[in-house]
Amino acid sequence: MNERMTQHDTLQRFLFDGAPVRGALVRLDGAWQQVLSRRAYPQPLKTILGEMMAASVLMAANLKFDGTLILQLHGSGALKLAVVECNNDRTVRATAKWEGELPDVSVRELLGQGGKFVLTLEPRLDKSQTWQGIVALEGDSIGAMLENYMLRSEQLETSLVLASSDAAAAGMLLQRLPEGHGEADGWPRIQMLGRTLRADELLTLDAQDILHRLFHEEQVMVFEREAVSFNCNCSRERVANMLTMLGGQEVGDVLLEQGSVEIVCDYCNQHYVFDEDDANELFEFDVVAAAREARH
Ligand SMILES: [Zn+2]
């Protein structure tokens with residue numbers, strides 16, 4: 001197998017020796033195809049979702065956190081919802097909801113009045129420790145909004161270059177560290193070099209080639225490459241929990257009308273079907289009888 005093929009779906013973190021700056025490059029090919037194969041996303045949304053997915057991996061890259069980083073756009077315009085998740089084991093998934101045609105306009109315009117961009121850190125074990133931040137819809141792109149956010153809320157000067165095509169979703173993050181070795185004022189130079197990275201390079205070149213092209217005059221320490229993959233953690237058990245929260249009578253109503261309860265995962269299209277026996281077992285009573293009773 002071609003050695004370069006193995007570099008797809010990878011995260012490459014790096015650190016500058018001559019300045020207190022760290023960075024990461026991500027390129028998602030197969031994982032991105034998994035997302036695209038499940039829904040026919042309109043072009044402007046494909047771009048947004050791909051950029052969000054690359055950004056989620058880059059932002060999760062330096063977090064020491066056992067859980068999930070979630071980026072969510074909520075809108076009242078043509079775009080209703082876009083969600084990407086990146087887990088600390090470097091697995092990703094994404095989904096979106098929209099209505100009608102999506103014009104080729106800015107993210108903010110697509111979201112309409114009251115649009116929101118939310119960043120969530122959800123611990124794997126203790127969900128009560130879930131943390132949410134609001135990303136201001138300032139800037140023309142997902143990258144610009146997240147750069148503003150990192151500066152304001154984390155006091156971290158960050159540069160994010162993101163790109164997405166039908167073939168790949170990719171990005172590069174550069175971040176000035178509060179302290180570190182090397183020349184303290186090396187940041188503007190490294191940031192400027194980073195800004196020369198073009199979308200087509202980001203989407204097609206391997207990490208080592210990008211680093212060479214941008215920073216061949218810098219000392220860059222490269223960490224081991226990490227694999228990123230698509231994975232949906234939905235399960236029959238989780239769907240059952242959701243039905244339990246809905247309540248036996250509600251579920252009985254659906255069974256009366258449709259014969260079975262069918263839930264489709266928004267992220268991976270997996271179908272989960274619960275028939276009357278399954279539901280009765282779940283609730284430990286005759287849910288259809290309860291629904292009939294309630295109708296009288
Ligand atoms: Zn799923």
Side-chain angles (χ1 to χ4, degrees), residues 7 10-28 51-71 86-90 92 117 119-121 131 133-136 138-163 169-199 201-203 205-228:
Q7 295 201 4
T10 52
L11 169 70
Q12 173 73 71
R13 290 186 297 144
F14 52 93
L15 193 63
F16 289 85
D17 207 23
V21 177
R22 70 182 171 191
L25 273 159
V26 68
R27 174 144 146 232
L28 304 168
E51 292 186 359
M52 285 171 73
M53 202 153 150
S56 73
V57 178
L58 293 170
M59 294 180 78
N62 293 310
L63 284 179
K64 293 195 173 41
F65 166 72
D66 181 13
T68 308
L69 182 143
I70 307 163
L71 294 178
C86 180
N87 301 297
N88 63 305
D89 65 355
R90 312 281 186 240
V92 289
F117 190 173
L119 186 153
T120 306
L121 292 178
W131 181 90
I134 301 291
V135 181
E138 290 171 6
D140 296 329
S141 65
I142 295 294
M145 291 173 194
L146 289 171
E147 284 175 359
N148 282 334
Y149 175 82
M150 293 306 285
L151 185 61
R152 285 196 193 169
S153 74
E154 308 290 322
Q155 282 77 51
L156 283 173
E157 285 187 68
T158 306
S159 172
L160 266 174
V161 186
L162 304 169
M172 182 177 74
L173 172 144
L174 294 171
Q175 203 158 61
R176 181 182 200 164
L177 296 167
E179 52 197 34
H181 48 116
E183 225 191 304
D185 57 358
W187 167 248
R189 181 184 69 245
I190 288 166
Q191 187 185 29
M192 195 187 70
L193 290 169
R195 293 278 184 217
T196 68
L197 178 59
R198 298 191 315 263
E201 295 174 311
L202 196 49
L203 290 165
L205 296 181
D206 288 322
Q208 69 200 54
D209 295 336
I210 292 175
L211 291 176
H212 179 74
R213 139 96 172 76
L214 297 175
F215 307 120
H216 58 273
E217 287 181 5
E218 308 285 333
Q219 290 289 329
V220 182
M221 296 191 315
V222 172
F223 295 95
E224 200 157 332
R225 287 195 309 250
E226 298 168 63
V228 183

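Excluded from the calculations below are hydrogen atoms, water molecules and symmetry mates; all remaining heavy atoms, backbone and side chain alike, are included.
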Going by salt bridge (Lys or Arg N to Asp or Glu O under 4.0 Å), name the residues that satisfy it together with Arg152, two or more places apart in sequence or in a different chain. Glu138

Quick one: list whatever passes side chain to side chain donor-acceptor pair (under 3.5 Å) with Asn62, sequence neighbours left out. none

Distance (rounded to the nearest 0.5 Å) between Gln12 CD and Gln208 CD: 8.5 Å

Please name the pair of heavy atoms, one in Phe117 and one in Ile142, separated by the smallest distance, quoted to 0.1 Å. CE1-CD1, 4.2 Å

CD (Gln219) with more than 12 external heavy atoms under 6.0 Å: no

For the OG1 atom of Thr68 and the CG atom of Leu63, what is their distance to the nearest 0.5 Å? 11.5 Å

Can you list everything that forms a side-chain contact (heavy atoms from CB on, under 4.5 Å) with Leu205? Sequence neighbours excluded, please. Glu201, Asp209, Ile210

I need the minimum non-hydrogen distance between Leu11 and Ala24, along with the two atoms involved. CD1-CB, 4.1 Å

Gap between atom CH2 of Trp187 and atom CG of Leu174 - 0.5 Å precision: 5.5 Å

Arg176 side-chain N/O to Pro20 backbone N/O, donor-acceptor pair under 3.5 Å: no

I need the Leu69 CG to Asn87 CG distance, nearest 0.5 Å. 9.5 Å

Report the residues that fulfil side chain to side chain donor-acceptor pair (under 3.5 Å) with Glu51, sequence neighbours left out, ordered by chain and then residue number. none

Using a 3.5 Å distance criterion without hydrogens, assess whether the side chain of His216 forms a donor-acceptor pair with backbone atoms of His212. yes

Side chain to side chain donor-acceptor pair (under 3.5 Å) filter on Ser153, not counting sequence neighbours, yields none

Note: Ala55 and Leu146 closest approach over all heavy atoms is CB-CD1, 3.6 Å

Partners of Glu218 by side-chain contact (heavy atoms from CB on, under 4.5 Å), sequence neighbours excluded? Phe16, Arg189, Ile190, Leu193, Phe215, Val220

Non-neighbouring partners of Asn88 that pass side-chain contact (heavy atoms from CB on, under 4.5 Å), sequence neighbours left out: Asp66

Kindly give the heavy-atom pair with the smallest separation between Val135 and Met145, and that separation in Å. CG1-O, 3.5 Å

Which pair of non-hydrogen atoms, one from Pro178 and one from Leu156, has the smallest distance, and what is that distance? CD-CD2, 4.1 Å

Minimum side-chain heavy-atom gap Leu160-Met150 below 4.5 Å: no

As an exercise, state the distance from CE of Met172 to CG of Leu214, rounded to the nearest 0.5 Å. 5.0 Å

When every non-hydrogen atom of Ala60 is compared with those of Cys86, the smallest separation belongs to CB-SG, 3.9 Å

Could you give the distance from CZ (Arg13) to CD (Glu224), rounded to the nearest 0.5 Å? 10.5 Å

With Leu151, which residues qualify under side-chain contact (heavy atoms from CB on, under 4.5 Å), at least two apart? Glu157

Test side-chain contact (heavy atoms from CB on, under 4.5 Å) applied to Val26 and Val57, Val92, Leu162, Leu173, the passing residue: Val57

Looking at residues at least two apart in the chain, or sitting in another chain, which of them share a salt bridge (Lys or Arg N to Asp or Glu O under 4.0 Å) with Arg90? Glu226

Contact between Leu15 and Leu177 at the side-chain level, heavy atoms closer than 4.5 Å - yes or no? yes

Between the side chains of Thr158 and Gln175, is a donor N or O closer than 3.5 angstrom to an acceptor N or O? yes

